[in-house]
4 protein chains.
Amino acid sequence: MTDVIKVAVLGAAGRMGTTVCAAVEAAPDLALVARVDATDDVAAALRDASADVVVDFTVPSATEANVHTALAAGAHVVVGTTGWTPERLERLEEALAALPGRGVLIAPNFGLSAVLAMTLAAKAARFFESAEVIELHHPDKVDAPSGTARHTAAAIAAARGAAGLGPSPDATESGFDARGADVDGVRVHAVRLRGLVAHEEVLLGNPGEQLVIRQDSFDRTSFMPGVLLAVRKVGGRPGLTVGLEHVMDLD
Amino acid sequence: MTDVIKVAVLGAAGRMGTTVCAAVEAAPDLALVARVDATDDVAAALRDASADVVVDFTVPSATEANVHTALAAGAHVVVGTTGWTPERLERLEEALAALPGRGVLIAPNFGLSAVLAMTLAAKAARFFESAEVIELHHPDKVDAPSGTARHTAAAIAAARGAAGLGPSPDATESGFDARGADVDGVRVHAVRLRGLVAHEEVLLGNPGEQLVIRQDSFDRTSFMPGVLLAVRKVGGRPGLTVGLEHVMDLD
Amino acid sequence: MTDVIKVAVLGAAGRMGTTVCAAVEAAPDLALVARVDATDDVAAALRDASADVVVDFTVPSATEANVHTALAAGAHVVVGTTGWTPERLERLEEALAALPGRGVLIAPNFGLSAVLAMTLAAKAARFFESAEVIELHHPDKVDAPSGTARHTAAAIAAARGAAGLGPSPDATESGFDARGADVDGVRVHAVRLRGLVAHEEVLLGNPGEQLVIRQDSFDRTSFMPGVLLAVRKVGGRPGLTVGLEHVMDLD
Amino acid sequence: MTDVIKVAVLGAAGRMGTTVCAAVEAAPDLALVARVDATDDVAAALRDASADVVVDFTVPSATEANVHTALAAGAHVVVGTTGWTPERLERLEEALAALPGRGVLIAPNFGLSAVLAMTLAAKAARFFESAEVIELHHPDKVDAPSGTARHTAAAIAAARGAAGLGPSPDATESGFDARGADVDGVRVHAVRLRGLVAHEEVLLGNPGEQLVIRQDSFDRTSFMPGVLLAVRKVGGRPGLTVGLEHVMDLD
C-alpha cells in the first residue's frame, strides 16, 4: 500500500481521541482528515472528509450510530468504545453483509502487550496442569477483576476445555474471600495498589516448571501502536472483527 | 564461643529431623550427641546425652512434654513443631521463670528468606499508602492463605496501625470470591499452582513507586541455615523467644 | 491412535534415562519394551524389542551411531543427547531420505515452558521497540549465557530482522563487563545464584508498556511431558525435525 | 513539633523544584515561604524568607554556595543536587562544626522504595551465599550501571565483607560482555528497555531459597514523600547526614 490512508477521528477532544489524533499525525503513512467532537454533526463531517478509515473513541451511547454513519459514508471503521452488546453486534453484522469489502474492527483493548499476553497465554495453556491469573491495578478502579483479566481467563479456560483438561488441581478447603473471581474455572486474583496502572500476570504450572506471561501498561500512549495497526489492517479484513489479535498474524 | 555445641535431635527419624541431623553433623562448631525417635524414652536419652541444645521436630501432641523434659535435663531448646497454644506458651514461660539463663526458641518458620521477607516488609510498610500480599504454593496445600502469609499480613497491619495509617485505598465495589483473605485489613491473595513449592510476595505502593519483597522456598534444605542459627543463638537468649527474627540482629 | 506405542530407551541407567523410563511406564498409551545401557549391544537389544520409538539420552560420542542403529531396526527416534554437529545432521538427513515415513526428532530442550518461552517470545518480538533476555542459573554452571538463552535471543533477533526492526535503542556509553553476551544484537544477561536451577526471562518494551515472558525449570521431572509429547508425535512427522516446538502445533 | 515548618526552595523553576514546591504547599504542616530561581539573589531571598529549612534542587555548580548561604541565613538544608565531591563535603563539615544544632541532609536518591531496597538488601545480605543486582532503565540513560545500583551493590558488598562472606560462588569460565559491572565483587546487570523508567532488583540466594527485593520508580512524583520526610527530619539531626535512610528509623 503506497497511498496514504485518510483517517477521521470521532471523539477527537477526549483523552484517548486527542492521543489518537497526535499519533495519526505523526505517522508518515496516515493523514488526519477530520477531528470530530460530541457537538459536531458526524454525518456532515464524514461526508466532507472522505476518510478511508474512521476511528471511534466516543461513548457507549453514541458508538453504534457513529459506526453505521461511518459505513454509510464509505469508510472502514476502528472502534475503541465499549458498550457493544450482542444485539448491537448482530445489527452491525447485518449491515456489513450488505457492504461487501467493508470492514469494522472493534477492540476491547488496543494495548499490544495486553493482547499478546492473552493470546500467547491461550496458546500455551493446553500444555499445563495448572493456570491462574493475577491482575494488578491502581486502587481507584471500581470493578474486579478487570475486563481484560476476565477475557484472558475465559480464553485460557476455552483452550483447556478444547484440550480435554479438567479444572486446575486445588486441595483448598476454605478461604475464598480475596478480591477476584472464578472465571470459567480459572482463578483470577485482583490486586489494587497505589502507584500501579494496569498489569496482568498469567501463571501456568506443571510438575517442576512454570511459565509466566506478564504485561504492564504504564500509560495510555501504549495503546497507540495497536490503534495504528488496526487502522492499517482494517481495510484488508472485510466484515466484523472483534479483537485486535485477529490482525496481528499470530498464528 | 570456642567450644563445640552438643546437640540432641528429637524426631530424628522424621523428614525434617533427618535433615537437621545431617546439617548438625556437617557443621564444624556443632556435635550431634543424640538422635531420639518416637519410640525412645526421651528423658533417658537426654540424661545420657548431656546436650547443650535440644532440637524438637516431633508432633504437636508430643512437643510440650519434650520441651519440659529437655529443660529438666539442663538444655536450651529450639522448637520447630507446631501446636503451641497460648496455654502451652504460658506454662512454658512459668517454667522458664524458675530457670534463669535457660532459653527456648520456638519458630513457626526457619526459612531465612521467609523470615526476612516478613520482617523487612513490616519495617518498610509504614512508608507506603498501599500494601497487599500474594502467597503462592503447590496445589496440594489444604489451608489458604498460608500461616506465613497470615503472619506477614498481621505484621504489616500492626506496623501500619502504629504509624497511624488507615486501610489501603480500594474503590472495588464487588468481586471478592478469590482464594485468600483479609487479614487485619491487609488483603492476602493465595495462588495454587502445580510446580511451585512455597513463595510469598509483599507489594507496597505509593504514587509513582512500588516496593516488592519476594521470597521463594524451593525445598526443605532451605530451612537448615535457620535451624543452625537458632541452635547457635538460643543459649545467649534466656527465657522464651517466639520467632527466628529475634536472633537475627535485624534492628 | 488406539494402539500402545512401544518405546525403547537408550541410556536407561543415566539420570535422564531413568526418569524417562519411569515416565514411559506411567503413561497408559506407552509401553516400555527395552532399557538399554552403555554396556549393552544396542543393535541386538533393539532387534529383540521391536520398538516403535527409540529414545536416546546417551552421550555425544554414542548418539549418532545409536540413531542410525535405531533407524535400521525400523524405529522412529527421539534424541535428547547433545553433540549434533552440522556434519552429523547432514548424514542423518541423507539416511532419512532413503527411509520414507521414518522420523527423527532432536530437541536441545524438552522443557515445555522453556520451548514455549522461546517460541512465544519470537512471535511477540516484532511488535516491540526493545528486547533483552535475562537467564538465571545455579552458580555451578560453566557457560554463560546458557544455550537456551542464546537460542531465544537468536530467534528474537531473527524475528526483529524479518520485521525490519533495527537494533534496540541504547544510549549506554560504557559499562559492558557483566556476565552475558550480545547475541545477534539482542542483549543477554546471565545471573548466577545459589538456590536457582534454570530460569529465563524475555523483556519486550514499547513506549508505556512491557511484555515479560518468564520460565522456571525447577527440576528434571519437568522435561518428561516434553519427552512423552515427542514420543507420541515423532511417528507422524517423517524426516528430520530439530526442536520440540515443531510438534507443538503452536502456529 | 506543632509549629508549621517554613520552607524555601532553591531551583524552584526546575522540574524537580516545581514538583517540590507543589508538594510543600499541599502539606498541612509545611509552609512554602520562598521560590528561588537561578536568576534570583539567593542570599537576599533567604534573608527575607526566614525559612526553617532550605531545599536545594539546583545544579552541581551552584549547590555548594547555596548550602553555605542557607546556613548563613540560619536554616537547616536538604540537598537533592549531585556534585558533592569529598572536598566539598569536607568544607561543609567544617562549616557545620561551627554551627551546633544546624543540620544538612544530602540525599543521592529521595525515592523511598529505592532507599528501602538498598537498605533492606544490605540488612539481608549477610544471610545469603549469593548476591546479584539487576537494574532496569529506559534506553536513553547514558551511564551503566546506575548510580543507585552501584550504591546498592557497594552496600551489599560491605555487609558481606563485615560478615566474613567471600565472593558469591561462580563457575563461569567466560562470557562477560553484557551491560553492567562488577562492583566490589557484586555483579550488577543493566537492562535498557523502552517503556521502563527506573527499577532495581536485588537477588539473594541460598541452597533451596531466594529473596528478591525489587523497587519500581514510575515517575518523579514518587520522590516527594522522601523530600518531605527529609524536610521534617533535618532539624532534629545536627551535622552532616548523607543518605535519606538515616532519617527513616530503619534500625
Side-chain angles (χ1 to χ4, degrees), chain A residues 127-147 149-150 153 165 167-183 186-197 199 201-212 216 218-219, chain B residues 127-147 149-150 153 165 167-183 186-197 199 201-212 216 218-219:
Chain A
F127 296 104
F128 292 89
E129 192 178 332
S130 294
E132 301 210 352
V133 176
I134 303 173
E135 56 94 334
L136 312 95
H137 282 83
H138 60 85
D140 303 323
K141 187 173 178 62
V142 174
D143 55 315
S146 70
R150 287 185 179 278
L165 290 172
S168 294
D170 185 3
T172 314
E173 292 181 350
S174 67
F176 289 93
D177 299 315
R179 205 187 294 102
D182 178 318
V183 177
V186 174
R187 297 275 169 196
V188 182
H189 310 270
V191 174
R192 295 294 172 264
L193 201 82
R194 181 67 70 212
L196 296 183
V197 181
H199 317 258
E201 215 169 284
V202 177
L203 291 83
L204 303 170
N206 268 340
E209 69 172 345
Q210 186 187 211
L211 182 70
V212 177
D216 300 276
F218 300 119
D219 71 45
Chain B
F127 296 104
F128 292 90
E129 191 178 334
S130 294
E132 302 211 353
V133 177
I134 304 173
E135 56 94 334
L136 311 94
H137 282 84
H138 60 85
D140 304 323
K141 186 173 180 62
V142 174
D143 56 315
S146 70
R150 286 186 179 278
L165 290 173
S168 294
D170 185 5
T172 314
E173 292 181 349
S174 68
F176 288 93
D177 298 316
R179 205 187 294 102
D182 178 318
V183 177
V186 174
R187 296 276 168 195
V188 182
H189 309 270
V191 174
R192 296 294 172 263
L193 202 82
R194 180 68 71 212
L196 295 184
V197 181
H199 317 258
E201 214 169 284
V202 177
L203 291 82
L204 303 170
N206 268 341
E209 69 172 344
Q210 186 186 211
L211 181 70
V212 177
D216 300 277
F218 299 120
D219 71 44

Asks: Top residue by heavy-atom pair count (under 4.5 Å) with chain B, among Leu203(A), Val191(A), Val197(A)?
Replies: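 Heavy-atom pair counts peak at Val191(A).
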Asks: Is it the backbone or the side chain of Arg179(B) that comes under 4.5 Å from a heavy atom of chain A, or both, or neither?
Replies: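 Both backbone and side chain.
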Asks: Need one label for Leu204(B): side chain, backbone, both or neither, based on atoms under 4.5 Å from any heavy atom in chain A.
Replies: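 Interface part for Leu204(B): backbone (N, CA, C, O).
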Asks: Is any NZ, NE, NH1 or NH2 atom of the basic residue among Glu173(A) and Lys141(B) found under 4.0 Å from an Asp or Glu carboxylate oxygen of the other?
Replies: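 Not counted as a salt bridge, because no side-chain N and carboxylate O are separated by less than 4.0 Å.
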Asks: Tell me, out of Ala190(A), Ala181(A), Pro145(A), who's got the most heavy-atom pairs with chain B below 4.5 Å.
Replies: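 The answer is Ala190(A).
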Asks: Can you tell which of Ala131(B), Ser174(B), Ala144(B), Gly180(B) has the highest number of heavy-atom pairs within less than 4.5 Å of chain A?
Replies: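 So the answer, after comparing Ala131(B), Ser174(B), Ala144(B), Gly180(B), is Gly180(B).
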Asks: Can you see whether His137(A) engages Glu135(A) through a side-chain donor-acceptor pair at a distance of less than 3.5 angstrom?
Replies: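 There is such a pair between these side chains.
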Asks: Can you tell me how far the CZ atom of Phe176(B) sits from the CZ atom of Arg187(B), to the nearest 0.5 Å?
Replies: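 Going from CZ on Phe176(B) over to CZ on Arg187(B), the span is 4.5 Å.
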Asks: Could you measure the distance from the CG atom of Leu136(B) to the CD1 atom of Ile134(A)? Nearest 0.5 Å is fine.
Replies: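 Rounded to the nearest 0.5 Å, the CG-CD1 separation comes out at 5.5 Å.
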Asks: Quick test of your reading of the model: are Arg194(A) and Asp140(A) salt-bridged, counting only N-O distances below 4.0 Å?
Replies: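 Looking at Arg194(A) and Asp140(A), the cut-off is met.
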Asks: Give, for atom CD of Gln210(A) and atom CZ of Phe128(A), the distance between the pair rounded to the nearest 0.5 Å.
Replies: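 The CZ atom of Phe128(A) is 9.0 Å from CD of Gln210(A), to the nearest 0.5 Å.
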Asks: Under 4.5 Å from any heavy atom of chain B, what part of Thr172(A) do you find: side chain, backbone, both or neither?
Replies: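 Both backbone and side chain of Thr172(A) come within 4.5 Å of chain B.
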Asks: With a 4.5 angstrom heavy-atom cut-off, could you sort out which part of Glu132(A) is near chain B: side chain, backbone, both or neither?
Replies: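 Contact with chain B: backbone and side chain both.
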Asks: Measuring heavy-atom distances to chain A, does Asn206(B) have an atom under 4.5 Å in its side chain, in its backbone, in both, or in neither?
Replies: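 Backbone of Asn206(B) only, per the 4.5 Å heavy-atom cut-off to chain A.
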Asks: Counting heavy-atom pairs under 4.5 Å to chain B, which of Leu196(A), Leu193(A), Asp177(A) comes out on top?
Replies: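 Option with the greatest count: Leu193(A).
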Asks: Would you call Ser168(A) and Arg192(B) a side-chain contact if the rule is heavy atoms closer than 4.5 Å?
Replies: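 They are not in contact (no side-chain heavy atoms under 4.5 Å apart), so the answer is no.
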Asks: Would you mind checking which part of Val188(A) comes under 4.5 Å of any heavy atom in chain B, side chain (CB onward), backbone (N, CA, C, O), both or neither?
Replies: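 When you check distances to chain B, only backbone atoms of Val188(A) fall under 4.5 Å.
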